[in-house]
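Note: hydrogens, waters and symmetry copies are ignored here, and every other heavy atom, side chains too, is used.
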Amino acid sequence: MRFNSVGFALSVGMALIVVLFGFTLLSAAGLAGFAAGDTSSGIEQPVSSKDSGAVTVKAITAKPVSAEEEVAIAAGESLFGRNCAQCHAVNEVVVGPALAGITKRRTIAWLIPWIKNSSKVVASGDEYAVVLYNKFNKQQMPSFALSDQEVESILAYTISREEPAVPTGGVVAVR
């Protein structure tokens with residue numbers, strides 16, 4: 001008995017087409033796959049909680065940004081890559097600390113002089129600066145000739161790259 005490979009290939013191909021067509025119809029009817037609304041922001045998702053069973057919270061999604069913010073974030077990404085990425089990451093400790101949440105720990109008015117010339121801030125005796133300097137083995141961050149607007153762009157970029165907090169149960173705060 002001879003094996004007809006062309007006939008076999010056609011049979012398998014037709015079977016795949018039938019399966020894909022059926023899946024497409026079921027998906028369109030909302031019975032299989034993902035509905036179009038599954039990727040939109042604001043979807044409610046159950047999160048289990050030890051105390052109260054299931055709690056419904058809003059899905060964590062990226063905050064929409066304006067055209068001006070997009071420009072600042074893009075400029076900040078470029079500046080971050082040229083000036084900061086050798087020692088910092090947004091969500092991981094590298095040589096220096098992770099930058100996620102930096103604007104929650106320090107004000108922008110504090111961060112601008114720190115980023116421009118951290119040794120001057122440490123020398124001023126600023127308690128947080130001294131602790132940070134000592135925590136990272138007295139590794140001095142280089143001074144940068146950046147404008148205030150460039151520093152703010154870097155901060156906008158770091159904020160845009162922060163990973164959302166992983167829920168541990170209960171209600172999750174949404175940005």
Side-chain angles (χ1 to χ4, degrees), residues 34 37-175:
F34 298 101
D38 287 350
T39 58
S40 66
S41 63
I43 295 172
E44 304 263 327
Q45 296 179 345
V47 175
S48 65
S49 172
K50 292 179 183 174
D51 300 330
S52 62
V55 177
T56 302
V57 296
K58 243 181 160 176
I60 299 172
T61 58
K63 176 184 162 194
V65 295
S66 69
E68 287 178 0
E69 290 172 320
E70 284 184 24
V71 169
I73 290 168
E77 181 177 16
S78 176
L79 289 163
F80 184 88
R82 289 193 316 257
N83 298 291
C84 313
Q86 298 83 354
C87 298
H88 295 281
V90 177
N91 296 299
E92 300 173 9
V93 174
V94 185
V95 174
L99 300 180
I102 190 69
T103 57
K104 293 176 182 95
R105 296 189 300 270
R106 296 282 99 187
T107 65
I108 292 177
W110 187 92
L111 289 166
I112 290 173
W114 171 259
I115 293 168
K116 287 182 172 184
N117 190 346
S118 66
S119 61
K120 186 176 180 181
V121 179
V122 171
S124 76
D126 181 276
E127 186 178 339
Y128 187 84
V130 172
V131 167
L132 194 59
Y133 175 70
N134 289 330
K135 181 178 179 179
F136 286 91
N137 301 318
K138 299 184 179 183
Q139 181 70 33
Q140 189 65 52
M141 186 168 87
S143 297
F144 295 100
L146 299 169
S147 69
D148 291 0
Q149 185 177 5
E150 288 173 319
V151 172
E152 289 173 4
S153 292
I154 292 170
L155 295 172
Y157 167 71
T158 61
I159 291 167
S160 75
R161 301 295 297 176
E162 291 177 6
E163 293 176 352
V166 176
T168 57
V171 177
V172 178
V174 178
R175 287 188 202 189

Check whether any side-chain heavy atom of [X] sits under 4.5 Å from a side-chain heavy atom of [Y], and report yes or no.
X	Y	answer
L99	F80	yes
M141	F136	no
K116	F144	no
I73	R161	no

Between atom [atom1] of [X] and atom [atom2] of [Y], what is the distance when rounded to the nearest 0.5 Å?
X	Y	atom1	atom2	answer
Q139	Y133	CD	OH	8.5 Å
K120	S143	NZ	OG	9.5 Å
L111	D148	CG	CG	11.5 Å
L79	Q149	CG	CD	10.0 Å
R106	L132	CZ	CG	9.5 Å
E162	I159	CD	CD1	6.0 Å

Identify the two heavy atoms, one from [X] and one from [Y], that lie closest to each other, and give their separation to 0.1 Å.
X	Y	answer
V94	C87	CB-O, 3.3 Å
D126	A129	OD1-N, 2.9 Å
S153	A72	CB-O, 3.4 Å
G76	Y157	C-CB, 3.6 Å

(message) Looking at Q86, I'd like to know if its CD atom is crowded, meaning that more than 12 non-hydrogen atoms belonging to other residues, nucleotides or ligands lie closer than 6.0 Å.
(response)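 For Q86, atom CD is crowded (more than 12 foreign heavy atoms under 6.0 Å).
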
(request) Report, as yes or no, whether the 6.0 Å neighbourhood of atom CD on E127 holds more than 12 heavy atoms from other residues, nucleotides or ligands. (result)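 No.
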
Under 3.5 Å: donor-acceptor pair, side chain of [X], backbone of [Y]:
X	Y	answer
N91	A100	no
T158	L155	yes
H88	P97	yes

(message) Test of understanding: with side chain to side chain donor-acceptor pair (under 3.5 Å), list the residues that count as partners of N83, not counting sequence neighbours.
(response)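 Listed in chain order: nothing, the list is empty.
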
(message) Below 30° counts as parallel, above 60° as perpendicular, anything between as tilted: where do the rings of W110 and Y128 land?
(response)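 The rings of W110 and Y128 stand perpendicular, inter-plane angle above 60°.
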
